[in-house]
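Here is the structure we will look at, set down as C-alpha cells.
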Amino acid sequence: MRLAKNAMTISKTIDQIAQTASLGLSEIFGISIPGDKLTFSPTRKEFAGDYTIVVFPFTRDAKKSPVQVGEELGKYLLDNDPAVEAYNVVKGFLNLSFNPEVWSGFLSGGLKDEKFGSSGPTGRKIMVEFSSPNTNKPLHLGHIRNILLGWSCSRILEYNGHEVIKTQIVNDRGIHICKSMLAWKKLANGETPETAEMKGDHFVGKYYVAYNNLEKEQKKGLPEGEEPTVLSEAREMLRKWEENDTDTRALWEKLNKWVYRGFNETYNSLGVEFDKMYYESQTYIPGKKYIEKGLEEGVFYKKEDGSVWIDLEDVKMDQKLVLRSDGTSVYMTQDIGTAQIRYEDLGVDQMVYVVGDEQDYHFKVLFEILKRLGAPYSDGLFHLSYGMVDLPTGKMKSREGTVVDADDLVEEVVEEIRKNAKERGTLVDVKKEEQEEIFRRLGLGALKYFILKVNPQKRMVFNPAESVDIQGNTGPYIQNAFVRIQSVLRKAEINAPMNYQTAFSKWEPLEKELMSILAQFPAVVKQSGESLDPSALANYSYEVARAYHKFYHDHSILNAETAEVKEFRLALSQMTGKVLETGMGLLGIQMPDKM
RNA sequence: GGUCCCGUAGCUCAGCUGGAUAGAGCAGCUGACUUCUAAUCAGCAGGCCACAGGUUCGAAUCCUGUCGGGAUCACCA
C-alpha cells in the first residue's frame, strides 16, 4: 500500500517549498534560481525551526542585506506556502518551521508505507560483483569487508528500485590451485575433508601451505635462481590442465568442489548469497575473441613478437599488454572477456566491481579499453574501491600468520556475545535455540556494523576487541534500541502497523528531533545508493538509535500523561523500529526481538 | 621518479556537492536502576581539522604547493 493522498514525505514538502521559494525570489527580487538549486538543511538544534535555507548566495543579486533577504523570503513563504508555519532569520540563515500537519502526515504516512524510503522500479539492471576469491585458501578478514560491502550495496540498490544481480568471478584456475593439487597428490594418502573433519576450503588451504613448505625446503639446497622440482611439477600440472588432461582435470574438479562447499558455508554464516557465478576457467579463453575484434577495429596493435597492446598514453595511462606473445591471456584479457560475456548473459546497464584499491589502476585501464571497444554499458562501469583492512599490529601478512580467518572470526564474535549474555544473566527464560539465534544476530551485527560504518574508500584498522563491543557506536547498541521498541509494543499489544491519525502536535524536543531524523531516511537511502556508500546508512542508523535511546530515557511511553500522547509515542516508536530494521537490513544486519 | 588514495580529540571514526560555536564512540573521571530491557542516559575533560598559500560574504570541506603514510606503474592475479 502506498501513501495516502494527503500524506507527503518530508522531501516532497521540501521540494514544494523550494518551488515556492524560487517563485518568491523571482517575484520579490527578480532573480531566477531554480528550486532544486536551493540548499535545504535540517535546522541546527540550537535554533528554532525545521529546515534552513541559506540566503547568502542571493544577497548580491537582490542588492539587499542577508537579513533583509531572509525576512522578505520568509514572509513570502509564510504567506504563500501552506507547509510553512513560521520563520526566523539569523544572519543569513532563514529557518523555517513546518506546519504540524506535515509531521503528523509523515508519521501516519510512513507507518502505512510498507517499503518506506524505497523508490519505485527504475528499469535499470545492475550487476554487482564481489567476493571473487581464489580457490586455494579460505576466506579472510579482507574478503569479509569486500563481501559486506558488495552485499550491502546490492540491497541498497535494490531498495532504490534497481534490479540487481549479485555475482562473482571465481579464480579457479592457475598455478595456485595446481600447487594445492600437487601437495595433495603427494602427501594426502587419499585424505578428504570428511576423513580429516575439516571444512573443504580449509582442507585445501592446508595443502597449499604444505606445498609452500615443500618448496621452501627444496630451495634451501639450491643455488640462487634455480627452480625447486616441486615448482616445475606444479607448472607441468598447469600445462596438463590446459591440455585438458583427464586425470588432472578430475583432480582439479575434486579439490575445487571441496573449496566451494567450504565457501558456501562461510557465505551462509554471513547470510549472503549470489545470483550467478562466473569462473575464470570458463572466461579466460573467450576473452581472446574480443582482442581479435579490437585488433581489427584498430583499438589494439600487434608487436613483432606477436603480443597485443593498447596505447593509452593520450589519456595519461601507459601502454598496456592485453595478450601475450605466445597468444595466452593475461588478467586484462579475462576481464574484457568476462565483461562482454556478462553483458550478453544478463543484459545489464551497469556493472559494479567491488575490488580492493590496489587495483584502482587496473580498473581505470579496463574501463578505458571497454569504452574504446564501444561496449554499450561502458558508461555504467564502476569500481567500488575499498581500502585494506589492517590490524592494530599492522598489516595482515600470510607469511607471518597474522591473517584473520573469516570462519574463526564469525565464531569468535558470536562466542563473545554468548559469554557476555551469560555474565549478564539475560535471556534466561528464552529457549536455547532462540538464544543461539539472538547471539548470532548480535555477534554478526557487531562485526558487520564495525566494518561497514567506515567509509569504504578509507583503509581501516580492525581491532578484534573493539569489534565485539556492545556499547556506544556499535551494532548491538542499535539493535538494543530496536529491542526496547519491540518490548514496549509487545506490552502495548501492538503487533500490526498502527493506523495513526491523531492530529496531536505538542511534541517534546526529543520527540521532534527523533521525528526529524526519521524523516531523513529516504534521502539517506537514496544518497548511499547513488554514492554506493553503506557507511552513510550505518552512521545514520546510529543517529536514529541514539535519538531513540534519549527519548526513551526521558519519556515514558506506556505511562504517558494522556492517551493521545501515548498513542503518538507508540506510533513514533513503531516508526523508529521500522526505520532501524529497514536500514540495518540494507546493511545485511538482522534485528533480534529480545536481547 | 610518474600517477592515485589517505592525514580531524590519546585511540577508532563521522562531518567533505562550501554555510551558524567541528561531532560521536572508546579509554579516563563523576552521577542516574523498587525500569516501558542500565547492552541505557546525563555530566566533566580532551582540537592550530598535517603544514603553507590561494579562491570568497564564508573553507575541515574547493584549488596549488610542501610534509607524512599507503597503493600502483609485470608477457602476476
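Basis for what follows: all heavy atoms, side chains included, without hydrogens, waters or symmetry-related copies. Labels below follow one simple rule: chain letters A, B, ... track the order of the sequence lines, proteins then strands, and each chain is numbered from 1.
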Checklist entry - When you measure from the side chain of A:Gln457, which nucleotide among B:rA77, B:rC5, B:rU56 comes out closest? => result B:rC5
Checklist entry - Considering Watson-Crick and G-U wobble pairs with both distances under 3.5 Å, what does B:rU56 pair with? => result none
Checklist outcome for this item: Out of B:rA77, B:rC41, B:rU37, minimum distance to the side chain of A:Tyr477 belongs to B:rC41
Next on the checklist: Between A:Arg484 and B:rA39, is there a contact of a side-chain N or O with OP1 or OP2 at under 4.0 Å?
Outcome noted: no
Checklist entry - Can A:Phe56 be classed as stacking with the base of B:rG19, given a centroid separation cut-off of 5.5 Å and a plane angle cut-off of 30°? => result yes
Checklist entry - Hey, would you say the A:His362 and A:Tyr331 ring centroids sit under 6.0 Å apart? => result yes
Item to check | Identified pairing partner of B:rG1, criterion: Watson-Crick or G-U wobble below 3.5 Å | outcome: B:rC73
Next on the checklist: Let's test this: given Watson-Crick or G-U wobble pairing with both distances under 3.5 Å, identify the partner of B:rC51.
Outcome noted: B:rG65
Checklist entry - Is the side chain of A:Ser132 donor-acceptor paired with the backbone N or O of A:Ile169 at a distance under 3.5 Å, no angle test? => result yes
Item to check | Shortest side-chain distance from A:Arg60, nucleotide among B:rC36, B:rU56, B:rU40 | outcome: B:rU56
Item to check | Side-chain donor or acceptor of A:Asn146 paired with backbone N/O of A:Val354 under 3.5 Å | outcome: yes
Checklist entry - Is A:Arg459 near enough to B:rA71 that one of its side-chain N or O atoms lies under 4.0 angstrom from OP1 or OP2? => result no
Item to check | pi-stack flag for A:Phe93 and B:rA20, centroid dist under 5.5 Å, interplanar under 30° | outcome: yes
Checklist entry - Side-chain N or O of A:Lys458 less than 4.0 angstrom from OP1 or OP2 on B:rG7? => result yes
Checklist entry - A:Lys491 side chain N/O closer than 4.0 Å to the phosphate oxygens (OP1, OP2) of B:rU37? => result yes
Next on the checklist: Both A:Gln471 and A:Ser325 contact RNA chain B. Which one's nearest nucleotide lies toward the 5' end?
Outcome noted: A:Gln471
Checklist entry - What does B:rC44 pair with, Watson-Crick or G-U, if both distances are under 3.5 Å? => result B:rG28
Item to check | Residue matched to B:rC36 through Watson-Crick or wobble contacts both under 3.5 angstrom | outcome: none
Item to check | Donor on one side chain, acceptor on other, A:Thr474 and A:Asp469, under 3.5 Å | outcome: no
Checklist outcome for this item: From the list A:Arg44, A:Lys512, A:Lys45, salt bridge (Lys or Arg N to Asp or Glu O under 4.0 Å) partner of A:Asp50 resolves to A:Lys512
Checklist outcome for this item: Closest of B:rA39, B:rA77, B:rA20 to the A:Met595 side chain is B:rA39
Checklist entry - So which nucleotide from B:rC36, B:rU37, B:rC73 ends up closest to the side chain of A:Tyr361? => result B:rC73
Checklist entry - Of A:Val54 and A:Val454, whose closest RNA chain B nucleotide lies nearer the 5' terminus? => result A:Val454
Checklist entry - Would A:Tyr353 and A:Phe363 count as a close aromatic pair, with their ring centres under 6.0 Å? => result yes
Checklist entry - Using the P atom in both, what is the distance from B:rC62 to B:rU17, to the nearest Å? => result 7 Å
Checklist entry - Can you check the A:Asn134 CG to B:rA77 P distance for me, whole Å? => result 11 Å
Next on the checklist: Is there a side-chain contact between A:Lys395 and the phosphate of B:rA71, meaning an N or O under 4.0 Å from OP1 or OP2?
Outcome noted: yes
Checklist entry - Looking at A:Arg324, does any N or O in its side chain come under 4.0 Å of the phosphate oxygens OP1/OP2 on B:rC76? => result yes
Checklist entry - To the side chain of A:Tyr552, which of B:rC76, B:rG70, B:rU37 is closest? => result B:rU37
Checklist entry - Does the aromatic ring of A:Phe47 sit over the six-membered base ring of B:rA20, closer than 5.5 Å centre to centre and tilted less than 30°? => result yes
